[in-house]
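Only one structure is covered here, and it is reproduced in the block below.
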Amino acid sequence: MPLPFTELSTVAGLILFLLVLAAFFILGLSLARSRRQVRRLAAELEARQQHIDTLEQDVSAARLRSRQLLTFAGDAMFFLDAAGERLVEQNRTVCELFGYSAAELDGMNLDNLFPGHQKRRYQRLVKKVRKYGYGEEGELLFRRKDGSTFIGAVHARLGTLGHEQVVHGTVRDVTAIKQIENELRRKNRDLALLNRIAHSAASSQDLQSLLNGLLKTVVETLDTTGGGIFLLRHAGSALHLAAGLNISSEVNRELARIRPDQGLIGRVISNGRPRSTTDLNHDRRRWSKTVLEDGWKGFLAVPIGIAGRTLGVLFIYSRKARVFTREETQLLMAIGRQAGTAVEGAELLDALRWQNRLTEASNRELEASRHRLKENLRRQQEATRTLERLERMKNNFLALASHELRTPLTYILSGSELLLDNSKLLNQQQQQLLQAVHRGGERLQEIVNDLLEVARLEAQSIYLGKEKIRLVPLLSSIGSNLESRLEKLQLQLSIDLLPEIELYGDPDHLRRAVQRVLENAAKFTPPGGMIDITGRNIAAADLVGRKEKLKPFTTNFFDRPLHPAYLQLTIRDTGVGIDPEEQVHIFDKFYEVGEITSHHTSQASFGGKGVGLGLTLVRGMIEAHGGMIWVESAGTADGGRGSSFHIVLPLEGETDAVAATGT
């Protein structure tokens, strides 16, 4: 049965209410879900915003670091537009290098940075970078704001700055490096020139050809017009123009009249120092007038000499005003020393040839006299053989020492001196090496001088003075000379009371002889030791009584009449001692105690050994004064008890000489 209308209305209202209620419930669920999603999205948005803030901070920090790296970089760094025509960015070093502020560099025309044709070299560099992505130029000349220039090494690459394509790179000031490289190249050239001249001087026997070649080399090397070489003649009283290059006949005739005390040449000869002038027209020291008519202006003259002795003058000139640099002057001075060696060698060779001719003439005369002196044939032949042997020994030795030793030694010393004068270009190790070479050369020069003195003593050609010598001042001066060396070796020197006597002889030679004995004692006395000098008067009879013991130590002392009285000077040390079998031989030439492989040459260190000439020279010099020297020692056993060197020298008196064979 159908429901009444009112009930239907009630049911419909109920259903509608339920539907509305369901709609509100569904809406509530949707709103809740939407709120949760909004909160989640808000949280995600906040997290993303924080991430973005972090990224922005990182970007800012990276930009700051990049800016600081660019600003404080040691090298000058720059960014150019792709065309290379303007600066986009640069660091502070660029501003300091060029002298511009950053504002001045912004948009500056790069032509201002390059003098002359350097702009084209820069443009070629940019084209290379754009084509290959990289380019470099090691010697590009730049101009600063103040107008000064410097040599820069540029390295550039193609890259980007933001969204813009740029050329970025570095520039480094290499002016000092290039100057050093140029200086080293010049030094190498100078050394090669000196080596070539030295080789020519050592191998050439024709002095004229050597001087002509040397002069031509100098003029070409120093890019001058001409020059000449004067040599002193007639004991330094006259000058001879031995070589000339590009000197007119009129100038040549006038220079032939110059004397050693005239003009710039004379000043060089008088003080041994170089003389130069920028323009001879304005130099009052000039002597020649013809050189002005011939157009001479720049002029440089240096001495030709060796060992402080001037043998001549080497000069060069230019027909334009010129300032000769210090390096050019030093090079010419070194060449002058090389030329001095060649001139001295040629003079020595001429002297030896002349001496050889004299010897040959003497031999011919002796041969002619043989027929007139038959009764003295044996004695004369023996004397001739002795003379020839001594003459050959002297000639061969002097030739060897003067030419084969002194000549290369001079090259070593002059080359090392030139390098030491310019040692600021060398590192410490190279300087030490050069100093070692120079010290070795000086030591070799001392050995050569000792060899020459031994030769003169053996040939009895050494000159000895004859003057009064006071013993106490002589020994005191020797002690003063050795004071620093003995202090370094921690040795004490004692000079006891000596007799107040006067000797007669050569004080310089005797001083060196006694000093050599003291130096020998110092070398073989350990630190803390003592060296004592005593003296007394002895009679000739005392020496004759010990003749058999002393004769092995001397060559001719007992073969000649003895003086009535002698001074006996005794030098005792507390050193290592000398074995009895060695005592006689230590005075022989080139004899040294011990194995040769253990030797080390030294004049100061304990145990230092030389070439074995010191005591030989002492014996020769003492015997040349009419005395003798011998040594006494208990030997080297148990560490040794020292040695005593005894020197006897004759005292002048009016009593007749004593025969060495008597007692």
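The environment of Lys178 atom NZ is dense: over 12 non-hydrogen atoms of other residues, nucleotides or ligands sit within 6.0 angstrom. Applying the 6.0 Å contact sphere to NZ of Lys119 captures more than 12 heavy atoms from other residues, nucleotides or ligands. Applying the 6.0 Å contact sphere to CD of Gln429 captures no more than 12 heavy atoms from other residues, nucleotides or ligands. Around CD of Gln208, the count of heavy atoms belonging to other residues, nucleotides or ligands within 6.0 Å exceeds 12. In Arg286, the CZ atom is crowded: over 12 heavy atoms of neighbouring residues, nucleotides or ligands sit closer than 6.0 Å. Arg470 CZ: 12 or fewer foreign heavy atoms inside a 6.0 Å radius.
Annotation: the span from Asn481 atom CG to Leu518 atom CG amounts to 10.5 Å, rounded to 0.5 Å. Atom CG of residue Leu332 and atom CZ of residue Arg337 lie 10.5 Å apart, to the nearest 0.5 angstrom. One finds the OG1 atom of Thr224 at 11.0 Å from the CZ atom of Arg319 (value rounded to the nearest 0.5 Å). Between the OG atom in Ser318 and the CG atom in Leu300 there is a gap of 11.5 Å [rounded to 0.5 Å]. The distance from atom CD of Gln515 to atom CG of Leu474, rounded to the nearest 0.5 Å, is 10.0 Å. The CZ atom of Arg619 sits 14.0 Å away from atom CZ of Arg516, with the distance rounded to the nearest 0.5 Å.
Between the side chain of Gln118 and the main chain of Pro115, no donor-acceptor pair closer than 3.5 Å is present. Side-chain atoms of Ser148 never come within 3.5 Å of backbone atoms of Arg144 as a donor-acceptor pair (strictly under, hydrogens ignored).
Salt bridge status for Asp283 with Arg275: absent, with no side-chain N to carboxylate O gap under 4.0 Å. Using a 4.0 Å cut-off between a side-chain N of Lys or Arg and a carboxylate O of Asp or Glu, Arg259 and Asp261 qualify as a salt bridge. Comment: Lys289 does not engage Glu254 in a salt bridge, judged by the lack of any side-chain N to carboxylate O separation of less than 4.0 angstrom.
The shortest distance between side-chain heavy atoms of Ile335 and Thr217 does not fall below 4.5 Å. Ile265 has its side chain out of reach of Trp287: every pair of non-hydrogen atoms, C-beta onward, lies at least 4.5 Å apart.
Taking the six-membered ring where the residue is Trp, Phe142 and Phe150 present parallel rings, their angle staying beneath 30° rather than reaching 60°. Classification of the Trp296-Phe315 ring pair by plane angle, with boundaries at 30° and 60°, yields tilted.
Checked options Ile269, Leu211, Thr341, Leu314; the residue passing with Ile304 is Leu314 (criterion: side chain to side chain contact (heavy atoms under 4.5 Å, CB included)).
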